Protein chains: 2
Amino acid sequence: MHGESNETAINILYQAGLKRTPGRIALLKLLLSSPHPLSQQEIASRLEKVRLNRVSIYRSLHTFLQSGIVHRVESGDRTWRFAVCGCGSRGHCHPHFICSRCGRVECLSGFKMPETGYLQPGYVVEEQELYLRGRCATCTGAVTGDGS
Amino acid sequence: MHGESNETAINILYQAGLKRTPGRIALLKLLLSSPHPLSQQEIASRLEKVRLNRVSIYRSLHTFLQSGIVHRVESGDRTWRFAVCGCGSRGHCHPHFICSRCGRVECLSGFKMPETGYLQPGYVVEEQELYLRGRCATCTGAVTGDGS
DNA sequence: ATTTTAGATGGAATATTTTTGCAAACAGGT
DNA sequence: ACCTGTTTGCAAAAATATTCCATCTAAAAT
């Protein structure tokens with residue numbers, strides 16, 4: 001299924017100058033294969049077979065974050081969610097949609113962040129986060145449902 | 001100083017159909033007089049003289065939130081911050097600025113939220129939050145500093 | 001003014017998530 | 001095969017938010 005993501009994960013780690021340990025590769029593979037940001041709990045439960053400690057997950061995510069490999073989303077339930085971001089910076093390059101019903105968080109890739117030229121003098125913006133909260137297509141029942 | 005905010009607080013509670021208890025009035029007065037959102041910890045330390053329990057603060061804020069009296073800001077350090085919002089809804093009617101150095105959170109009142117007509121079909125946006133993270137005027141040293 | 005009642009409060013305790021410390025294990029290079 | 005700095009595992013701590021239940025109070029009714 002995700003045979004190539006193994007190579008991709010190793011390559012990303014190599015590019016960032018990080019050691020390619022089995023745990024990190026598995027973690028990064030998981031993030032690469034997920035269509036939406038994952039919480040540490042979700043990651044831990046999906047990585048049980050790899051037997052990667054939660055603290056190690058926490059620290060690896062922390063390292064990834066500092067290297068700009070992942071970005072961190074605060075979805076409103078006091079848990080951070082992580083996703084691989086192609087933009088390579090620590091900031092957010094796109095808005096995020098949070099479903100208020102199912103809690104799912106989605107990256108709205110392809111959408112630019114709004115312009116912000118309206119700050120008071122002296123203020124410097126380093127990064128910005130735009131969260132849209134509402135109902136996803138599944139929860140509004142608008143999905144046509146073509147299987148899977 | 002804030003003699004009138006006492007009346008204002010009582011009036012707000014009355015309009016919302018909530019009981020005007022001393023604790024709630026003190027809490028609302030504090031929020032009304034604060035230029036930026038406050039965390040529960042900040043509120044508790046500033047309300048020590050009133051001897052209002054932290055749980056009561058938590059519950060009052062929860063009630064205020066449901067009544068649309070306050071709005072809740074997630075500033076990135078996993079603590080909620082609360083501020084009185086004139087818009088009367090539970091959503092956010094303006095962006096928030098978070099200083100990455102001093103942690104201060106400011107309401108960017110007067111600025112409209114960006115348009116969001118670009119969602120996929122089936123998605124419904126109930127509210128949106130825009131956070132700008134960076135350095136405030138104080139932390140960039142851009143304040144002219146006319147005393148105080 | 002007294003009574004009544006739904007709602008608010010206090011204090012302790014619980015839940016959840018994040019973060020740290022230290023010793024053992026490992027990756028990557030020589 | 002060996003060395004060194006990094007990573008991991010396990011236990012434990014921190015920090016914040018949330019719940020429980022008995023008691024008290026605001027505000028309306030008598």
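Chain letters run A, B, ... following the sequence lines, proteins first, then strands; residues in each count from 1. Everything numeric here is computed off the predicted structure, so don't read it as measured data.
As rounded to whole Å, 14 Å separates atom P of dT9(C) from atom CD of Gln40(B). As a whole-Å value, the separation of Asp77(A) CG from dT16(D) C1' is 14 Å. Summarising the geometry, the separation between CG on Leu52(A) and C1' on dA25(C) is reported as 14 Å, rounded to the nearest angstrom. When the C1' atom of dT9(C) is taken as reference, atom CD1 of Ile25(B) falls 15 Å away, rounded to whole Å. Rounded to an integer number of Å, the gap from NE2 of His62(A) to C1' of dT18(C) is 10 Å. If you measure from atom CG of Asn53(B) to atom P of dA13(C), you get 14 Å, rounded to the nearest angstrom. In this structure, CZ of Arg72(A) is placed 10 Å from C1' of dT18(C), rounded to the nearest angstrom. Rounded to an integer number of Å, the gap from CD of Gln41(A) to P of dT19(C) is 15 Å.
The side chain of Arg59(A) contributes no N or O atom lying less than 4.0 Å from OP1 or OP2 of dT7(D). Taking only side-chain nitrogens and oxygens, Arg78(B) never comes nearer than 4.0 Å to OP1 or OP2 of dA15(D).
When distances run from any side-chain atom of Lys19(B) to the nucleotides dA27(D), dG9(D), dT7(D), the shortest one goes to dA27(D). Comparing dT17(C), dT8(D), dA27(C) by their nearest atom to the side chain of Pro22(A) picks out dA27(C). Proximity note for Tyr58(B) (side chain, C-beta onward) versus dT19(D), dA27(D), dA27(C): the nearest is dT19(D).
The 5' end of DNA chain D is approached more closely, in terms of each residue's nearest nucleotide, by Thr79(B) than by the other of Thr79(B) and Thr21(B). Projected onto DNA chain D by closest heavy-atom contact, Phe82(B) and Arg20(B) fall at different nucleotides, the more 5' of which corresponds to Phe82(B).
Looking at Glu42(A) and Arg81(A), a side-chain N of the basic residue comes within less than 4.0 Å of a carboxylate O on the acidic one, giving a salt bridge. We find that Arg104(A) and Glu106(A) are joined by a salt bridge, their nearest charged nitrogen and carboxylate oxygen being less than 4.0 Å apart.
Side-chain contact check for Phe64(A) versus Ile12(A): every heavy-atom pair is 4.5 Å or farther apart.
Among the atoms of the strands shown, none is found under 4.0 Å from any heavy atom of Thr63(A). Backbone-only contact: Arg51(A) has heavy atoms under 4.0 Å from sugar-phosphate atoms and none from a base. No engagement by Ser39(A) is indicated, since no non-hydrogen atom pair under 4.0 Å with the nucleic acid exists.
The 12-atom threshold is not exceeded at NE2 of His62(A), counting heavy atoms of other residues, nucleotides or ligands nearer than 6.0 Å.
In this structure, Tyr131(B) and His96(B) have tilted ring planes: the angle between them lies in the 30° to 60° band.
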